[in-house]
Amino acid sequence: MNKSVIKTLLAAALLTLSIPVAYAQFDRPERAIKYRQSVMTIMANHFGRIQPVIKGAAPYDKDAVKANVSVIAMMAPLPWAAFTSGSEKGSNAMPDVWSDAAGFKAAQQKFQESVAGLSVAADSGDLEKVKVASAAVADACKACHEKFQVKR
Ligand code: ASC
């Protein structure tokens, strides 16, 4: 792992640790569900914005890609603390999120590492690197959804 990946992961870990510790967060399960779904929605939106570039349907604008990726990087640590106990029902989350906490954690980490890789690629300005890193993010999203999200 290169230095900026490690830095991004460290920052993500600190954010995940510090936010829940500093303030109580969800007073009702519905709010935890709304929060985690909102974060996923924002990440999916900004990931979606760079896909035309990946597919060659839009020109590569390094700064625009970086701006979208930085939103995803900021959001990536956030959903997980919102899978609170008590919020098992009422969303597409499968019971495995809670019964296989280690597996869920591993999937989160894989995703966060892939996002750190996408940040490095976006900073490099090399579209080929962005394409590879974007595919890794899509794979991490998909793997976690397949294992932990009820099929719609
Ligand atoms: C997205 C999105 C996902 C992932 C997944 C990748 O843009 O909303 O959940 O990519 O579809 O396979």
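Note that ligands are numbered from 1 as they come in the structure, with each ligand's atoms numbered from 1 the same way.
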Q.
If hydrophobic clusters are built by linking Ile, Leu, Val, Met, Phe, Trp and Tyr wherever their side-chain heavy atoms come under 4.5 Å apart, do Ile42 and Met74 end up in the same one?
A. yes
Practice prompt. Kindly state if atom 11 (O) of ligand 1 has a protein heavy atom within a strict 4.0 Å cut-off, that is, under 4.0 Å?
Written response: no
Apply ring-ring contact (aromatic ring centres under 6.0 Å, His included) to Phe104 and Trp98, showing your working.
-> CA-CA 8 Å; Phe104 188 50; Trp98 290 270; 7.5 Å; no
closest protein heavy atom to atom 4 (C) of ligand 1 is Cys141 CB, 3.6 Å
request  = For the pair Lys66 and Asp123, find out whether any cationic side-chain nitrogen is under 4.0 Å from an anionic carboxylate oxygen.
outcome  = yes
Lys142 heavy atoms within 4.0 Å reach ligand 1 at atoms 12 (O)
* Residues Met43, Phe111; criterion side-chain contact (heavy atoms from CB on, under 4.5 Å); working and verdict -> CA-CA 12 Å; Met43 290 196 294; Phe111 169 68; 3.8 Å; yes
Ala138 heavy atoms within 4.0 Å reach ligand 1 at atoms 6 (C), 12 (O)
Residues Thr41 and Ser38: side-chain donor-acceptor under 3.5 angstrom: no
Looking only at protein heavy atoms, what sits closest to atom 9 (O) of ligand 1 is His145 CE1, 3.0 Å
of all protein heavy atoms, closest to atom 2 (C) of ligand 1 is Ala44 CB, 4.3 Å
Distance col, row Met75:CE vs His46:NE2, nearest 0.5 angstrom, shows 7.5 Å
Phe47 heavy atoms within 4.0 Å reach ligand 1 at atoms 1 (C), 7 (O), 10 (O)
